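Every chain is numbered from 1, with letters handed out A, B, ... down the list of sequences. These numbers come from a predicted model, not from an experiment. Any value given below was found using the heavy atoms of this structure, including those in side chains, with hydrogens, waters and symmetry copies removed.
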Amino acid sequence: MPELPEVETIKNALERCLAGRTFAGVRIIDTRPVQRLSPEQFCNGLVGRRIIGLSRRGKYLIIGLSDGSNLIIHLRMTGALLWNPAEEEPFTRLEFFFDDGSRLVYTDVRRFGTMYLVTDPTEIVGRLGIEPLNGRFTAKALAGILKSRTIPIKSALLNQEHIAGIGNMYADEALFKAKIHPLRPAKSLTPAETRALHGAIREVLKKGIRNHGASIRNYRSPDGKTGTAHEEFAVAHRDGQPCPACGTPVARIVVGQRGSYFCQRCQHYRK
DNA sequence: CATTGTCCCTGGAAGC
DNA sequence: TGCTTCCAGGGACAAT
């Protein structure tokens, strides 16, 4: 499941592949991912445009084009972008062809992924909250986000309108690192806990990027490889395995309809 | 406004 | 072995 570190990894890899290339064609096998535009409008808007640069906002990948428009892609759960795959990829939904004969293949088993072609990116990403790796995301900023909210802290971290890019895996990892129970009301965190969580969020995301993302399910980087971040997860998707800190088996509960992994001992429910 | 619930989608796992 | 049912989950949207 691509979250911030996975999308950042994809962006970095695709930058090297795509920079300066011009779209020569688009093959839409499944129209579902293409939002707002007809397949014809989508193709016509891309063909002939050169790629200026790539960026990321939350879990969205933004590909800037020479005419000022932007191709914005969200991979949701199982979307993947593969650069010049050697073999035919299963679940291919769409293919982009470039002027030099290279191609970018979009696969998505569950067909939840979306793509947009817009002039103004804020149309799509304008509602997103603060970037957690931006310097403006301080412990104080986090405190401001949490102070009035009664929802479980885990749910608050997953709300993209508060903080952009944290998904299920990294929320669990950050809460473990800060020793906070996922069900604690967001507003109940002490200043010390808020500072710990702020640092933990930044650390787990940076570590995820260093390890080129986590491959819990279908995530692959554009070269087809899997990341290694999941190998160093403490609790995420590790129910029953020993907590790296105390050895207690990792527990799984459901918080806001999402499976949540944590250590009942290290993340004891206080207050 | 804040919060909760439903839906989308499909392969793989679990159950019978 | 083979069929059926359940589950995962980001985010849009509706309901409360």
Hey, could you give me the [atom1]/[atom2] distance between [X] and [Y], rounded to the nearest 0.5 Å?
X: A/Thr114; Y: A/Asp108; atom1: OG1; atom2: CG; result: 9.5 Å
X: A/Ile51; Y: A/Leu104; atom1: CD1; atom2: CG; result: 8.0 Å
X: A/Asp30; Y: A/Leu94; atom1: CG; atom2: CG; result: 8.5 Å

Go through [options] for me and flag the one nearest to the [X] side chain.
X: A/Met77; options: B/dT10, C/dG10, B/dC9; result: C/dG10
X: A/Arg252; options: B/dG11, C/dA12, C/dA8; result: C/dA8
X: A/Asn168; options: C/dG10, C/dA8, B/dT10; result: C/dG10

Rounded interatomic separation in angstrom, taking [atom1] from [X] and [atom2] from [N]:
X: A/Asp108; N: C/dG10; atom1: CG; atom2: P; result: 14 Å
X: A/Tyr60; N: C/dA12; atom1: OH; atom2: C1'; result: 9 Å
X: A/Arg76; N: B/dT10; atom1: CZ; atom2: P; result: 15 Å
X: A/Ile166; N: C/dG10; atom1: CD1; atom2: P; result: 12 Å
X: A/Lys59; N: C/dA12; atom1: NZ; atom2: C1'; result: 14 Å
X: A/Leu75; N: C/dG10; atom1: CG; atom2: P; result: 13 Å
X: A/Arg32; N: B/dC7; atom1: CZ; atom2: P; result: 15 Å
X: A/Tyr116; N: C/dG10; atom1: OH; atom2: P; result: 16 Å

**Request:** Answer yes or no: does atom NE2 of A/His181 have more than 12 heavy-atom neighbours from other residues, nucleotides or ligands under 6.0 Å?
**Result:** yes
Identify whether any heavy atom of [X] sits under 4.0 Å from a base atom; if not, whether one sits that close to sugar-phosphate; answer base, sugar-phosphate or nothing.
X: A/Arg111; result: sugar-phosphate
X: A/Gly256; result: nothing
X: A/Arg36; result: nothing

**Asked** Could one point to a donor on the side chain of A/Arg127 or the base of C/dG10 with an acceptor on the other under 3.5 Å away?
**Response**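 No.
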**Side-chain-base donor-acceptor pair under 3.5 Å for A/Arg258 and C/dG10** = yes
**Request:** Output, in order, the C-alpha distance, side-chain angles, deciding distance and verdict of side chain to side chain contact (heavy atoms under 4.5 Å, CB included) for A/Arg265 and A/Cys243.
**Result:** CA-CA 9 Å; A/Arg265 186 162 170 199; A/Cys243 162; over 6 Å; no
**Asked** Do the two ring centres, one from A/Phe98 and one from A/Phe23, sit under 6.0 Å apart?
**Response** yes
**Request:** Assert yes or no for the condition that the ring centre distance of A/His74 to A/Tyr116 is strictly below 6.0 Å.
**Result:** no
**Message:** Membership question, hydrophobic clusters at under 4.5 Å side-chain separation (ILVMFWY): are A/Val105 and A/Trp83 in the same one?
**Reply:**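 No.
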If you restrict it to nitrogen or oxygen atoms, what contacts under 3.5 Å exist between nucleotides 1-5 of chain B and the protein, and what is each distance?
| from | atom 1 | to | atom 2 | distance (Å) |
| --- | --- | --- | --- | --- |
| B/dT3 | OP1 | A/Thr150 | N | 2.5 |
| B/dT3 | OP1 | A/Thr150 | OG1 | 2.5 |

**Request:** Compare the aromatic ring of A/Phe112 with the six-membered base ring of C/dG10 and state whether they stack according to the 5.5 Å and 30° rule.
**Result:** yes
**Asked** Can you find a side chain N or O atom of A/His74 that sits less than 4.0 Å from OP1 or OP2 on C/dG11?
**Response** yes
